[in-house]
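Here is the naming used below: chain letters follow the sequence lines, and residue numbers restart at 1 for every chain.
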Amino acid sequence: MSANAGHGAPQGTPRGRTANWIERRLPVFSTMEHFSQYPTPKNLNYWWNFGSIAGFVLVAMIVTGIVLAMHYTPHVDHAFNSVERIMRDVNYGWLIRYLHANGGAMFFLVVYIHLFRGLYYGSYKAPREIIWWLGIIILLLMMATAFMGYVLPWGQMSFWAAKVITNLFSAIPWVGESITTWLWGGFTVDNPTLNRFFSLHYLLPFVIVGVVVLHIAALHTVKSGNPLGVEAKTPKDTIPFHPYYTVKDLFGLGVFMLVWAFFVFYAPNFMGHPDNYIPADSLATPAHIVPEWYFLPYYAILRAFTADFFMYWPISWLITAKFAGVIAMFGSLLILFLMPWLDTSEVRSSRFRPIYKIFFWVFVIDTIILGYVGANAPDEVAHIALLGLFDFSTGLTWLTIGEITTFWYFFHFIILVPVIGRMERPRPLPHSISEPVLGGGAVGGGAAAQSRPGPMEKA
Amino acid sequence: MAADDQAAHGTEGSDEHSRRDFLYIATGAFTAFGAAAVAWPLLDTLNPAADTLAASTVDVDLAPIKPGQRITVKYRGSPVFIDRRSKVQIEEARKVPLKDLQDPETDEARVHKGKDEWLVIVGVCTHLGCIPLGQTPGSKRGEFGGWFCPCHGSHYDTSGRIRKGPAPTNLPVPDYRFTSDTRIRLGEKPKEDTKAGS
């Protein structure tokens, strides 16, 4: 993993005899030096903070989660009460639980920003494809972990989330029923289900840690990208990670923790649902069940597939609309794996891609609308309202809007991304990271100067 | 080491090669078989355990149920809807042409012979597993007078068949048999000839 050339032999900063003794047997010190000296492009902006913030949240979730597990009972008769006991009786239990519950949502917020940053700056392009794929695997593992964690308090939303999500697998032809029975360990979501979800919810975060190590190892092999999308060419283009980016990351982390603390201390249930404070009842579904906000766009895609949806027609002879919805929902994530091939443009950064940049933001808006659709009842007419300032009816049901935005989601990846990559004429790229800062660039100096934001570049 | 050997033997002819390949493949196959033999018990522990499977019959007394009344009983962790249907409801279910159904099935095939008023179905929406509304007086029964699933808007008729919405199939009829005129046992197959249609 270490990029340093030497083995045990003293090199770089001088060390004492003990340090050398250890270093020859386990390269602790050279590894630390590798991380502190890691040559980082000097023009990273604040969008590059979110990787390290995500790493911090992962550790914080594991720490709070281990403490919670010491007080939690994974049994259908005791789970709900043990969570309430954590809230009322365990010392600082309320704090640890609210940190953990809101931390899950914060983790997704950070990772989604990290992912969109990757899409905007072309972080999936050669030679960083494997970093990108590992990142998607981390996201999938996070979703599984978050879902199973949400089930553990065994409230009404917990139970029905478990029921609905496990039922997705029943859509698989022939083997669906056996798979759901296998997932449940019974004939419905019950105690065996809760037990295994607890076991896996404890396991998966450590699997995520493993994939994160690979994600970082791959990153340090090919080195970080940057907002200009041109590779660092000379030592002049980079600065050591420590202290320059440790301090920048710590600042960003501080701002992030203010947001997290705001939710924990002032609005701890803002992102939750009141129904989850009702113990699970297997005989009554809550009137309105919706997933947590970070799953809403996928939920909207799932529901968009009804018998009348035009994207379903071509395959209606082959599979049920339900199964098509399930495939589309998972496909909406898996399609990200194909980005290195779908994006045909040679230019990484959207800063130099005037057309793609517009459609990138259209896509961001599309996913946000999908989230709104997922939160609303499909049959209702969509109203757009803001604090009583205005309220107008779109005249379309949420289902119709969901169908349009679902179509756009796939249209963006399958049609727009490859076609724009071929047809678009990118702006001229600077020759190096230093050029736009120091001037002296003959080619494209003017164009590059237009797009010169970021505090680091002024440094 | 292995690479050296292969390089050394490679020139001597293909005999040595194929014997070594056979050993590699045999070892690999044996390991794969062993891994599968260990993996299966691990995976099978997740299937329903013996005690879960054992708790599989429930007796229900139908005598107190009045015409037009619906009751819910818990069977295998899920609700079972028992509906003592009125003549009108039965009529309504039977006059629908099969071609109008998303999952064609006659009403006669969904009840026991001579017990037309008793509809017994698993009350779990076949879309994603929510419990449809319609069991209590005044609750929403959907456009076809049967049941309505609030989660994603599936409408079922008075025979529990899917008529509108995303659910792919009808509400399933569980295995049950009449142990007397007013009692049923859920979880046991009916004797031959009492179950009509199928």
Side-chain angles (χ1 to χ4, degrees), chain A residues 76 159-171 173 176-193 195-196 199 281-290 299 302-309 312 319-326 377-380 397 399, chain B residues 40 42-56 58 71-81 102-103 122-136 139-140 142-143 147-155 162-169 172 174 186-187:
Chain A
V76 289
F159 181 89
W160 291 100
K163 193 94 191 255
V164 168
I165 301 299
T166 51
N167 258 302
L168 293 179
F169 294 91
S170 71
E177 294 288 321
S178 324
I179 288 178
T180 40
T181 304
W182 179 74
L183 288 171
W184 291 335
F187 302 107
T188 183
V189 173
D190 211 330
N191 198 47
T193 326
N195 259 291
R196 62 191 58 183
S199 171
D281 177 359
S282 63
L283 298 185
T285 311
H288 189 49
I289 59 168
V290 284
Y299 193 56
L302 171 77
R303 293 195 304 191
F305 280 79
T306 59
D308 312 326
F309 184 27
Y312 171 63
I319 53 174
T320 61
K322 174 179 164 184
F323 190 42
V326 173
D379 292 340
E380 280 170 22
T397 61
L399 179 66
Chain B
W40 173 246
L42 287 171
L43 294 174
D44 196 33
T45 59
L46 299 181
N47 272 318
D51 63 333
T52 312
L53 290 170
S56 60
V58 172
I71 67 156
T72 305
V73 295
K74 199 168 170 176
Y75 169 62
R76 288 183 164 181
S78 295
V80 166
F81 295 163
Q102 293 179 33
D103 179 15
V122 178
V124 176
C125 182
T126 56
H127 182 226
L128 292 173
C130 295
I131 309 301
L133 302 174
Q135 283 298 95
T136 50
S139 65
K140 211 169 166 180
E143 290 174 21
W147 289 267
F148 170 72
C149 182
C151 290
H152 308 99
S154 291
H155 299 256
I162 180 65
R163 299 295 290 277
K164 185 184 171 194
T169 56
L186 290 163

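For A:Ala284, the part lying under 4.5 angstrom from a heavy atom of chain B is the backbone only. At a 4.5 Å heavy-atom cutoff, the contact between A:Ala287 and chain B is made by backbone atoms alone. Proximity to chain A involves both the backbone and the side chain of B:Leu43, based on heavy atoms less than 4.5 angstrom apart. Looking at A:Tyr299, the atoms closer than 4.5 Å to chain B (heavy atoms on both sides) all sit in the side chain, from C-beta outward. Heavy-atom distances place both the backbone and the side chain of A:Trp182 under 4.5 Å from chain B.
Here the CG atom belonging to B:Asn47 is positioned 8.5 Å from the OG atom belonging to A:Ser178, to the nearest 0.5 angstrom. Here A:Thr306 contributes atom OG1 and B:Lys164 contributes atom NZ; the two are 11.0 Å apart, rounded to the nearest 0.5 Å. With rounding to the nearest 0.5 Å, the separation of OG1 in A:Thr320 from CG in B:Asp103 is 11.5 Å. Here B:Leu53 contributes atom CG and A:Phe187 contributes atom CZ; the two are 4.5 Å apart, rounded to the nearest 0.5 Å. Considering SG of B:Cys125 and NZ of A:Lys163, their distance stands at 10.0 Å, rounded to 0.5 Å.
Here the closest heavy-atom approach between residue B:Gly129 and residue A:Asn167 is recorded as CA-ND2, 3.2 Å. The two residues B:Thr52 and A:Gly186 have their closest heavy-atom pair at CG2-CA, 3.9 Å. The heavy-atom pair separating A:Leu302 from B:Leu128 by the smallest distance is CD2-CD1, 3.9 Å. Between B:Cys151 and A:Arg303 the shortest heavy-atom distance is O-NH1, 4.3 Å. Across every non-hydrogen atom of B:Pro79 and A:Leu283, the tightest pair is CB-CD2, 3.4 Å.
Looking only at heavy-atom pairs under 4.5 Å with chain B, the residue among A:Pro378, A:Ser282, A:Ala377, A:Ala307 that has the most is A:Ser282.
Taking the side chain as every heavy atom from C-beta outward, B:Leu46 and A:Leu183 never approach each other to under 4.5 Å.
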